[in-house]
Amino acid sequence: MIAKVGLDGHDRGAKVVARCLRDAGMDVVYTGLHRTPEEVVAAAVQEDVDVLGVSLLSGAHMTLIPRIVALMRAADAGDMLLVVGGVIPDEDVPALCALGAADVILQDTPPEVVARRVRALVAARQPRR
Amino acid sequence: MFDADAIERIKAMRRDWEANELREFLARQPESRSEYRTGSGLPVERVYTPADIADTGFEEIGLPGRYPFTRGPYPTMYRGRLWTMRQIAGYGTGSDTNARFHYLIAQGQTGLSVDFDMPTLMGYDSDDPRAVGEVGREGVAVDTLDDVEALFAGIDLERISVSMTINPTAWILLAMYVALARSRGDDPNKLSGTCQTDILKEYIAQKEWIFPIRPSLRLVRDMIVYCAEHMARYNPINISGYHISEAGATPVQEVAFTIANAIAYVEEVTRAGVPVDRFAPRLAFYFIAQADFFEEVAKFRAARRIWAKLMKARFGAAQAESMRLRFHCQTAAATLTKAQPMNNIVRTALQALAAVLGGAQSLHTNGLDEAYAIPSELAMKIALRTQQIIADETRVTAVVDPLGGSYYVEALTSRIEAEVAAILRKVDALGGTVKAIEEGYFQREIADSAYAQARRKASGAEPVIGVNKFVEPPAPGAVEIHRVDPAVEARQIERLRATRASRDHARVAALLERLAREAADPAVNLIPVTIELVEARASMGEIVGRLRHVWGQYVETPVF
């Protein structure tokens with residue numbers, strides 16, 4: 001699932017990534033814009049997704065990502081992988097990973113590399129119950 | 001421009017050149033690509049001659065300040081007055097941004113441009129749960145008239161023009177601006193500036209919306225009509241291609257979709273019974289300056305010619321001012337890279353030069369740290385200096401439309417005009433702009449172009465220095481970035497609460513009821529009641545929230 005949270009309307013990257021992953025053979029759900037963390041996590045749980053990709057270009061990632069992580073834990077979706085993308089300063093990457101993001105994919109990452117990293121994450125994960 | 005015999009002689013000369021010099025040279029040294037194209041994907045010839053513009057009469061090129069305005073909206077262009085150097089700024093509270101404005105004016109900036117934070121753009125108060133983490137971050141936070149007072153403290157609104165980048169809530173900001181001017185005793189007819197207001201491109205590209213399309217268009221109409229009556233020097237709308245391009249559209253699509261939106265606005269206002277020449281002179285445009293240098297110059301020239309012809313033929317405009325396209329320009333943020341960020345200064349300078357050679361009326365140059373955060377003070381200063389160097393050192397301002405008459409630029413200008421016309425016919429065939437938005441036509445076209453460009457960058461077919469060519473290992477801490485004050489949200493909420501505590505609640509409640517009543521009648525202009533509301537210190541969230549009950553919300557069907 002590719003998700004846009006908060007009021008940020010920049011969806012070019014999210015849509016290009018969604019399409020690249022679909023072209024790479026994955027099933028992709030795109031949430032559309034302006035979703036709350038609650039809406040995104042509920043949708044991800046409902047769809048039982050392997051990977052939740054959250055795109056943020058608004059600078060609000062250090063507020064919204066912790067909220068998403070907490071909601072994922074509360075929903076017992078601990079084996080769902082969270083990937084963050086968008087405009088993220090390098091200094092925030094370790095903090096996002098410490099919070100529980102499986103990967104942070106930064107600007108200018110080529111589409112094939114995004115698909116490869118997502119596949120690698122899923123392959124490395126413990127088999128799902 | 002050339003008689004038929006001359007064109008035949010030129011064609012014969014070219015055939016001879018191809019058979020001799022060219023063939024021989026290619027045999028020794030092949031060209032680096034099998035085909036060459038513009039940023040829009042239009043084919044590019046090796047060299048251009050008068051034969052390529054044989055069908056373009058000189059009347060199509062003409063003279064500056066005269067129909068069809070291909071060469072510029074004014075006869076003397078930058079010899080008479082330079083473009084307005086208008087760097088956008090906005091962060092934190094009104095007084096935080098006010099300090100940046102005073103800094104920019106001290107550095108020689110000649111107009112102001114305000115960026116608002118996401119909650120303000122989307123109509124949420126700073127204490128709304130949806131605003132958490134976004135208050136004062138990407139722009140300045142505005143909840144009530146008190147914030148606008150702080151924003152413009154010490155700035156003479158009759159002397160400096162102010163551009164406000166705001167769309168679904170634009171009419172509230174216009175009301176606040178008028179209320180502030182009135183409270184200072186300024187004459188609204190002397191206020192100059194622009195509100196972006198272009199809601200249609202939001203559904204297409206930038207994706208900041210609140211209400212469904214029809215009531216949103218009505219708000220735009222109300223602003224245009226109000227300004228035509230009360231604010232003689234104010235541009236109530238800035239019809240924008242910038243965001244369409246940034247979302248992925250090609251330059252041809254940028255112009256076509258922007259003009260399609262403009263057509264919808266003109267139709268909306270004329271339907272209300274306002275003659276086209278009453279309001280068209282104050283319609284302003286906003287385009288991007290992308291990386292393909294000559295295509296961008298041709299694009300600006302083509303846009304002016306298309307608009308002039310359209311206003312005359314389609315809408316029966318009679319005054320030259322109604323046909324004269326004026327535009328603000330911004331360099332292309334999405335071309336800027338996180339890798340090797342100093343390269344962004346060079347990219348921006350070249351894009352800015354294209355804007356100037358294309359005849360822009362005002363210009364924003366992006367900060368080198370665009371791919372990191374909103375710009376630091378240093379990044380903004382370098383961006384402003386870039387414009388000042390073009391203006392004062394290069395001497396490109398001495399001649400109007402210096403690329404006019406270039407066989408290539410003229411051929412490309414005509415080609416872009418034809419391509420845009422084809423798209424406009426398609427939009428008409430779909431039932432017009434609003435119908436095309438509802439059917440996702442523009443959105444799909446943009447998504448396809450964005451995807452195609454991502455593939456070209458990934459394959460290296462579209463080189464990006466530092467990203468897919470001449471790559472270096474990342475250098476941590478390459479630039480100093482703007483950090484948001486973590487206390488800003490609390491400070492802003494404190495301000496909002498203080499305003500709420502000191503106002504006349506019964507008056508605000510009564511005005512909100514009047515707003516709801518008037519909103520239900522499409523014939524009423526909503527600007528007067530909104531001015532009264534903001535004067536009574538109603539907040540943006542309250543005004544928008546009340547209208548959401550009347551009109552509902554827009555729901556997008558996303559396409560990717």
Side-chain angles (χ1 to χ4, degrees), chain A residues 2-24 28-39 55-68 86-94 105-116, chain B residues 117-124 129-135 137-138 202 205-209 243 246-248 334 336-339 370-374 443 446-448 450-451 453-455 457-460 464 466-468 474 476-478 481-484 486 489 555-560:
Chain A
I2 298 293
K4 288 292 301 180
V5 287
L7 303 176
D8 175 26
H10 295 92
D11 61 355
R12 176 179 182 165
K15 293 193 328 190
V16 166
V17 167
R19 191 152 159 182
C20 290
L21 296 179
R22 190 177 64 193
D23 286 0
V28 183
V29 180
Y30 170 54
T31 61
L33 285 162
H34 311 143
R35 302 296 161 197
T36 61
E38 288 77 7
E39 288 166 345
S55 159
L56 276 154
L57 286 83
S58 64
H61 48 276
M62 295 311 289
T63 310
L64 294 172
I65 296 299
R67 181 92 196 114
I68 289 172
V87 174
I88 312 282
D90 294 334
E91 306 88 278
D92 293 342
V93 173
I105 299 181
L106 298 175
Q107 39 289 51
D108 296 326
T109 308
E112 284 72 18
V113 176
V114 177
R116 202 158 60 228
Chain B
D117 70 0
M118 291 306 304
T120 306
L121 296 173
M122 300 288 285
Y124 293 103
R130 284 195 172 252
V132 174
E134 316 221 30
V135 175
R137 183 174 284 282
E138 280 192 308
E202 296 296 333
Q206 187 169 239
K207 314 295 177 85
E208 289 159 13
W209 54 64
H243 320 83
E246 284 283 283
L336 303 186
T337 62
K338 191 172 178 204
E370 177 71 32
Y372 289 78
I374 68 167
Q443 298 91 313
I446 292 171
D448 287 348
Y451 186 69
Q453 194 186 30
R455 308 255 29 133
K457 283 186 184 173
S459 72
V464 182
V467 173
N468 62 15
I481 67 167
H482 173 91
R483 280 279 166 191
V484 178
E489 190 164 312
V555 181
E556 184 193 44
T557 311
V559 279
F560 70 90

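Within every chain, numbering begins at 1; the chains are lettered A, B, ... in the order of the sequence lines, protein sequences first and strands thereafter.
Of the listed residues (A:Val28, A:Leu33, A:Leu57, A:Ile2), the one with the most heavy-atom contacts under 4.5 Å to chain B is A:Leu33. Contacts with chain A were tallied for B:Glu138, B:Met122, B:Glu208; B:Glu138 has the most, counting heavy-atom pairs under 4.5 Å. If you tally non-hydrogen atom pairs under 4.5 Å between each of A:Gly6, A:Pro110, A:Cys20, A:Gly32 and chain B, the highest count goes to A:Cys20. In terms of heavy-atom pairs under 4.5 angstrom with chain A, the leader among B:Ala334, B:Pro474, B:Ala247, B:Ala458 is B:Ala247.
Residues B:Tyr372 and A:Pro89 approach most closely at O-CG, 4.3 Å, considering heavy atoms. Minimum interatomic distance between B:Ala205 and A:Asp11 (heavy atoms only, all atoms of both residues): O-OD1, 4.4 Å. Between A:Leu7 and B:Met118, the shortest heavy-atom distance links the atoms O-CE, 2.9 Å. The nearest pair of heavy atoms linking A:Arg19 to B:Asp448 is NH1-OD1, 2.9 Å.
For B:Val132, the parts lying near chain A are the backbone and the side chain together; criterion is any non-hydrogen pair under 4.5 Å. Interface remark: B:Glu556 contributes side-chain atoms only to the contact with chain A (heavy atom separation under 4.5 Å). Of the two parts of A:Asp8, only the backbone, made up of N, CA, C and O, holds a non-hydrogen atom closer than 4.5 Å to a non-hydrogen atom of chain B. For a residue to count as touching a neighbouring chain, one of its non-hydrogen atoms must lie under 4.5 Å from one of that chain's; by this rule A:Leu106 touches chain B with the side chain only. Heavy atoms closer than 4.5 Å to chain A are found in both the backbone and the side chain of B:Arg130. For A:Arg67, no part lies near chain B; criterion is any non-hydrogen pair under 4.5 Å. Of the two parts of B:Lys457, neither the backbone nor the side chain holds a non-hydrogen atom closer than 4.5 Å to a non-hydrogen atom of chain A. In this structure, chain A has heavy atoms under 4.5 Å from both the backbone and the side chain of B:Ala450. Both the backbone and the side chain of B:Pro119 have a heavy atom closer than 4.5 Å to some heavy atom of chain A.
Legend: residues meeting ring-ring contact (aromatic ring centres under 6.0 Å, His included) with A:His34, ordered by chain and number and at least two apart, are B:Trp209.
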Kindly determine whether A:Asp108 and B:Thr337 satisfy side-chain contact (heavy atoms from CB on, under 4.5 Å), including the steps that lead there. CA-CA 7 Å; A:Asp108 296 326; B:Thr337 62; 3.9 Å; yes

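The distance from the CD atom of A:Glu112 to the CZ atom of B:Arg455 is 4.5 Å, given to the nearest 0.5 Å.
Using modelled atom types, one side-chain atom of A:Arg12 and one backbone atom of B:Glu246 make a donor-acceptor pair closer than 3.5 Å. Within the 3.5 Å criterion, the main-chain N or O of B:Lys338 finds no donor-acceptor partner in the side chain of A:Gln107.
Side-chain contact between A:Thr63 and B:Glu134 is absent, with no heavy atoms from C-beta onward closer than 4.5 Å.
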